[in-house]
Amino acid sequence: MKKLIVLATLAALPAAAMADVVISGNLAVGITNTKESGTGSLTTQDRTSGEIKFAGKEDLGNGLKSIWQIATKINLADSKDESAAEENAWGTRESFVGLQGDFGTVKLGNIYNMPTSGQLAIFEDLSATFDSAIYDQGTRVNNTVAYVTPSIAGFTATVQHSFGKSKQAEEDKAHSQTLSLAYEGEGFGVSYDGRRTKDAVENKTGKLHELNATVSLDALSLVAGYAHDKAANGDKRSGYGLSASYAMGNLKPMVGFWKEGDLKEADGDKINDGHKAYAVGVEYALSKRTRAGAQISKVNYDDNADGSVRRAMVYLGTKF
């Protein structure tokens, strides 16, 4: 990602008030055709990626820095849709202030709740985990404080506490805590993310666990993932999957698979609502920043009454 360094100045302030701001972003739009069992197909234009970030830091001396970031979702496909107004609001993606030093990093704000999760989602948009109810792919939670350790021999850890994802959740004391552990070795990596969240209605705690492992063999990249969720009411569900990509010059083919298990209710009943999902795609790098691609995914539900869903997409995107 090419980053542009912009000198942010205000005419009303003296020159000494100048600060460095890093601006970066990712914009992409796709045309998607969706076909559900027993119905006709629907073609739409959709946001596949879209974000702009403003970030900065200040040297406080003695190895200590203040850091900040404001990230906002950008939806080029539905930017004028009334339903998109709230999700496209300023600072709706990872946005924070913090301190960084030899001790690690402390951040406060709207922060990724499971920072190493979602690694199976290698596709532009329609990864095999697209319809998963449990595999986390980047949930951001408001009112969060996070501590990230420095990397020690490839190991890092993140501890987070959210006072509640909304004002109402804060009042209900619907707190959540997250622990993330990660190791990066030569050509491979493993990570664990665990989250517990209090349900204000049940007055109990739900738990989500996710494991991911990555292997890089020259041009070949492999990812394996597993997730297990236990809701506050005692219901349980698990899933697992694989994805792979292979870089051939500017061309990168990709495949993915996800198996979502049936819901097991607290009373022992099993709901036949699991599914298997498959995804294939190819992306072409038009430059270091601009890409184009095509992908198709299919979800087959265990319950024959639910049938299947097939989605196909072509897209164009760029980073800056």
Side-chain angles (χ1 to χ4, degrees), residues 1-28 49-75 87-119 136-165 176-184 189 191 193 195 214 287-290 317-320:
M1 179 186 297
K2 183 178 180 181
K3 297 181 178 179
L4 305 178
I5 306 299
V6 179
L7 292 177
T9 61
L10 295 175
L13 297 179
M18 292 189 300
D20 289 341
V21 178
V22 178
I23 301 178
S24 61
N26 185 13
L27 303 172
S49 295
E51 181 180 67
I52 185 168
K53 293 181 182 179
F54 299 84
K57 58 185 177 181
E58 180 184 6
D59 190 344
L60 302 178
N62 298 317
L64 185 65
K65 296 178 181 178
S66 66
I67 58 174
W68 63 270
Q69 177 176 290
I70 300 173
T72 299
K73 181 177 180 178
I74 303 294
N75 188 341
E87 67 176 14
N88 291 339
W90 183 256
T92 51
R93 299 181 76 82
E94 187 167 49
S95 303
F96 57 83
V97 294
L99 292 173
Q100 190 174 65
D102 294 337
F103 60 88
T105 303
V106 175
K107 298 187 291 186
L108 299 93
N110 183 27
I111 299 172
Y112 277 111
N113 193 235
M114 297 176 69
T116 64
S117 66
Q119 297 181 54
D136 188 88
Q137 298 177 53
T139 302
R140 290 160 295 276
V141 178
N142 290 325
N143 308 312
T144 295
V145 56
Y147 168 67
V148 185
T149 69
S151 179
I152 302 174
F155 288 94
T156 57
T158 303
V159 180
Q160 298 177 333
H161 175 82
S162 171
F163 296 93
K165 61 182 181 180
S176 67
Q177 296 83 34
T178 302
L179 172 65
S180 297
L181 304 172
Y183 176 75
E184 289 289 337
S191 66
D193 289 272
R195 179 175 68 210
T214 61
S287 70
K288 290 183 178 180
R289 298 183 298 277
T290 304
T318 190
K319 297 180 180 180
F320 58 90

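Side-chain atoms are counted along with the backbone in the values below, which use heavy atoms only and exclude waters and symmetry mates.
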Using modelled atom types only, decide if a donor and an acceptor are shared between the side chain of N62 and the backbone of L64 within a distance under 3.5 Å.
no

Determine yes or no for a side-chain-to-main-chain donor-acceptor pair under 3.5 angstrom, with S162 supplying the side chain and V141 the backbone.
no

Could you tell me which non-hydrogen atom of [X] sits nearest to which non-hydrogen atom of [Y], and how far apart they are?
{"X": "P150", "Y": "G104", "result": "CD-CA, 3.7 Å"}
{"X": "T178", "Y": "N113", "result": "CG2-O, 2.8 Å"}
{"X": "G61", "Y": "D59", "result": "N-OD1, 2.8 Å"}
{"X": "A182", "Y": "T116", "result": "CB-CG2, 4.2 Å"}
{"X": "L99", "Y": "I67", "result": "N-CG1, 4.1 Å"}
{"X": "N143", "Y": "G164", "result": "ND2-O, 2.6 Å"}

Considering only heavy atoms from C-beta outward, does the side chain of [X] approach that of [Y] to under 4.5 Å?
{"X": "F163", "Y": "N142", "value": "no"}
{"X": "E94", "Y": "Q69", "value": "yes"}
{"X": "T139", "Y": "R195", "value": "yes"}
{"X": "K53", "Y": "S24", "value": "yes"}
{"X": "F320", "Y": "I52", "value": "yes"}
{"X": "K319", "Y": "K288", "value": "no"}

Atom pair [atom1]/[atom2] of [X] and [Y] - distance to nearest 0.5 Å:
{"X": "I70", "Y": "I23", "atom1": "CD1", "atom2": "CD1", "answer": "11.0 Å"}
{"X": "I111", "Y": "F96", "atom1": "CD1", "atom2": "CZ", "answer": "7.0 Å"}
{"X": "E58", "Y": "D20", "atom1": "CD", "atom2": "CG", "answer": "11.0 Å"}
{"X": "Y112", "Y": "D193", "atom1": "OH", "atom2": "CG", "answer": "13.0 Å"}
{"X": "T92", "Y": "R140", "atom1": "OG1", "atom2": "CZ", "answer": "7.5 Å"}
{"X": "Q177", "Y": "T144", "atom1": "CD", "atom2": "OG1", "answer": "10.5 Å"}

Taking atom types as modelled, find out whether [X] and [Y] have a side-chain donor-acceptor pair closer than 3.5 angstrom.
{"X": "S191", "Y": "Q119", "value": "yes"}
{"X": "N110", "Y": "S95", "value": "no"}
{"X": "S180", "Y": "T158", "value": "no"}

Please verify the inter-ring angle class for F54 with W90; under 30° counts as parallel, over 60° as perpendicular, anything in between as tilted.
tilted

Given salt bridge (charged side-chain N to carboxylate O under 4.0 Å, His left out), test E51 with R93 step by step and report yes or no.
CA-CA 8 Å; E51 181 180 67; R93 299 181 76 82; 2.6 Å; yes

